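Here is the structure we will look at, set down as structure tokens.
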Amino acid sequence: MKRVFSGVQPTGNIHLGNYLGALKQFVELQDDNECIYCIVDMHAITVPQDPKTLREHTLDVAALYLAVGIDPKKSIVFVQSDVSGHAELSWVLTCNSYTGELSRMTQFKDKSKNKESAPTGLFTYPILMAADILLYDTDVVPVGNDQKQHIEICRDLATRINNKYEKTFVIPDGRFLKEGARIMALDDPTKKMSKSAENIHSRISLLDEPSKIKKSIMKATTDSEGIIRFDVENKPGISNLLNIYSVLADKSVEKLEAQYAGKGYGDFKKDLVEVTVEALAPIKARYEEIRHSDELMDILKEGAQRADAIAQKTMARVKKNFGLGLGR
Ligand code: TYM
């Protein structure tokens, strides 16, 4: 069995990009692997957070994990800050990283653009992410395409340390979906769908009302050609919608192109609204059921204990190999 680890930041706007790029894979992987899924609240504080809202959002995402089908009997679900090994390992990795490689991270470059100074946590964000992954001897990390660079630096750090000290870490592989790996913004299909974009119609959040879903999809940017054809370069808008449709309805893009040959964007969008509303309805219902339950708290508590047991073993090995502590 392979060990799978992934995480999602706690925000109130978990959207179709997160779902199709990551969460859907989480569910698919849990039958044949040992899966560990985390809500990464320590990553969230790399930008300012209101403490009360942060905790609410952490529970929102935990409830969404369960609502999309993550089964706590099969997978470990927990909150990052409940396991101290993440911060401990992060420091050890920091001491084996270079400012040069961190400066090259596109996400850091984007977030610190035009600023004289940026928060240090934003700069070292990829190291904490590497710690998350390496702490659990992870084989496979299911993520969206936007995390590719972060997986690469994690592999680099682990390899560097394995070569310098005793073999300490498992080298993980990223798992990216071909279709749906990068869901683009509905209002501007050259940018990725993002939780922080100002225009709420740029994304569909998993808990959106059907009327909001309808509005966002009907307003989605397409092109003037009026032909439903997948061509990311010349027709990024309709290609993005085809992608979304394809993953939600579990139908290939080619099949959809054939199904909509001779039809217009209006028909296609109307059907996509239906497909989306139908796919999200059971998620929303399950979410409402569990969000304020004791069951959710119990699952997270037990998850943290199980995660901590694995993390402590890794930290003991790390300390031994690095000569940290008393060695007993
Ligand atoms: P986050 O919280 O931004 O996003 C969660 C997951 O959703 C994917 N995703 C997308 N996939 C396709 N299209 C999009 N438009 C889109 N937007 C987001 C992300 O790739 C991600 O898989 N750094 C991570 C969280 C993290 C993590 C980890 C992930 C922290 N530690 C360890 C894996 C392993 C992040 O900010 O994801």
Side-chain angles (χ1 to χ4, degrees), residues 6 8 11-31 35 37 60-71 74-75 77 142-145 175-187 189 192-195 197 200-222 228 230 237-260 263 265-291:
S6 198
V8 174
T11 89
N13 288 327
I14 296 294
H15 51 70
L16 269 187
N18 301 129
Y19 179 52
L20 302 179
L23 292 169
K24 205 158 176 281
Q25 298 195 70
F26 294 4
V27 178
E28 285 159 11
L29 284 165
Q30 63 182 349
D31 285 330
C35 296
Y37 298 127
D60 290 347
V61 174
L64 269 177
Y65 269 2
L66 305 179
V68 298
I70 292 172
D71 179 352
K74 295 180 187 159
S75 304
V77 180
V143 275
N145 256 345
R175 183 183 193 266
F176 311 97
L177 286 190
K178 208 163 110 250
E179 270 164 345
R182 197 171 161 86
I183 300 296
M184 309 310 281
L186 298 179
D187 61 338
K192 75 168 184 177
M193 187 178 282
S194 143
K195 56 197 157 220
I200 57 162
H201 292 297
S202 68
R203 63 181 162 261
I204 292 171
S205 297
L206 294 195
L207 302 175
D208 274 351
E209 293 297 333
S211 57
K212 151 73 177 59
I213 294 174
K214 187 172 175 194
K215 209 164 175 189
S216 302
I217 291 178
M218 296 316 283
K219 276 164 91 85
T221 303
T222 48
I228 295 153
F230 190 83
I238 199 72
S239 301
N240 187 39
L241 296 182
L242 272 165
N243 233 341
I244 294 173
Y245 197 143
S246 161
V247 201
L248 282 180
D250 205 10
K251 263 189 194 173
S252 71
V253 165
E254 295 79 46
K255 263 198 184 149
L256 290 172
E257 283 175 335
Q259 185 180 332
Y260 287 96
K263 292 192 180 156
Y265 292 158
D267 291 332
F268 175 83
K269 282 180 167 179
K270 255 190 232 150
D271 289 354
L272 178 57
V273 170
E274 220 170 273
V275 165
T276 309
V277 169
E278 212 169 276
L280 298 188
I283 295 177
K284 205 165 170 203
R286 176 71 181 132
Y287 172 87
E288 303 292 350
E289 223 173 74
I290 197 154
R291 170 61 180 84

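These numbers were taken from a predicted model, which means no experiment stands behind them.
- Around the CD atom of Glu257, the shell of radius 6.0 Å holds more than 12 heavy atoms that belong to other residues, nucleotides or ligands.
- Proximity of a side-chain donor or acceptor of Asn240 to a complementary backbone N or O of Met184 within less than 3.5 Å is detected.
- Considering CZ of Phe176 and CZ of Arg182, their distance stands at 12.0 Å, rounded to 0.5 Å.
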* To do: Give the intermediate values and the outcome of side chain to side chain contact (heavy atoms under 4.5 Å, CB included) for residues Lys219 and Leu186.
  => CA-CA 8 Å; Lys219 276 164 91 85; Leu186 298 179; over 6 Å; no
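- Atom CG of Asp31 has more than 12 neighbouring heavy atoms from other residues, nucleotides or ligands inside a 6.0 Å radius.
- Listed by first and then second residue, the side-chain hydrogen bond (donor to acceptor under 3.5 Å, both in side chains) pairs involving residues 18-29 are His15-Asn18, Gln25-Arg175 (not counting sequence neighbours).
- For the atom pair CG of Leu23 and CD1 of Ile70, the computed distance is 6.0 Å after rounding to the nearest 0.5 Å.
- Residues Thr11 and Asn13 come closest through the heavy atom pair OG1-N, 2.9 Å.
- Listed here is the closest heavy atom pair of Phe268 and Leu241: CE2-CB, 3.6 Å.
- Formation of a donor-acceptor pair under 3.5 Å by the Gln30 side chain with backbone atoms of Gly69 is found in this model.
- Aromatic ring orientation, Phe26 versus Tyr37: parallel (interplanar angle below 30°, classes split at 30° and 60°).
- Leu207 places a side-chain heavy atom less than 4.5 Å from the side chain of Leu64.
- Atoms CG and CD1, from Leu272 and Ile204 in turn, are 7.0 Å apart once rounded to the nearest 0.5 Å.
- The side-chain heavy atoms of Asp60 and Arg291, taken from C-beta on, include a pair separated by under 4.5 Å.
- Side-chain N or O atoms of Tyr65 include one that pairs as donor or acceptor with a backbone N or O of Val8 at under 3.5 Å.
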* What do the steps show when you test Phe230 against Leu256 for side chain to side chain contact (heavy atoms under 4.5 Å, CB included), and what is the final call? -> CA-CA 10 Å; Phe230 190 83; Leu256 290 172; over 6 Å; no
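- Checking side-chain atoms of Lys269 against main-chain N and O of Met218 turns up a donor-acceptor pair under 3.5 Å.
- The 12-atom threshold is not exceeded at NZ of Lys270, counting heavy atoms of other residues, nucleotides or ligands nearer than 6.0 Å.
- In this structure, the side chain of Ser6 engages the main chain of Pro142 through a donor-acceptor pair within 3.5 Å.
- Here the straight-line distance linking atom OG of Ser216 with atom CD1 of Ile200 works out to 6.5 Å at 0.5 Å rounding.
- The main-chain N or O of Lys195 is found under 3.5 Å from a side-chain atom of Arg203 such that the two form a donor-acceptor pair.
- A distance of 9.5 Å separates CD1 in Ile217 from CG in Asp208, rounded to the nearest 0.5 Å.
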* Asked: Would Leu280 and Tyr287 satisfy side chain to side chain contact (heavy atoms under 4.5 Å, CB included), going step by step from the backbone distance to the final call?
  -> CA-CA 11 Å; Leu280 298 188; Tyr287 172 87; over 6 Å; no
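- Within the 3.5 Å criterion, the main-chain N or O of Asp187 finds a donor-acceptor partner in the side chain of Thr221.
- Glu289 and Arg286 make their closest contact through OE1-NH1, 2.8 Å (heavy atoms, listed as atom of the first residue, atom of the second, distance).
- Minimum interatomic distance between Leu20 and Ile244 (heavy atoms only, all atoms of both residues): CD1-CA, 4.2 Å.
- The environment of NZ in Lys215 is sparse: at most 12 heavy-atom neighbours from other residues, nucleotides or ligands sit within 6.0 Å.
- Residue Lys74 places its NZ atom among more than 12 non-hydrogen atoms of other residues, nucleotides or ligands, all under 6.0 Å distant.
- Atom OG1 of Thr276 sits about 6.5 Å away from atom CD1 of Ile213, to the nearest 0.5 Å.
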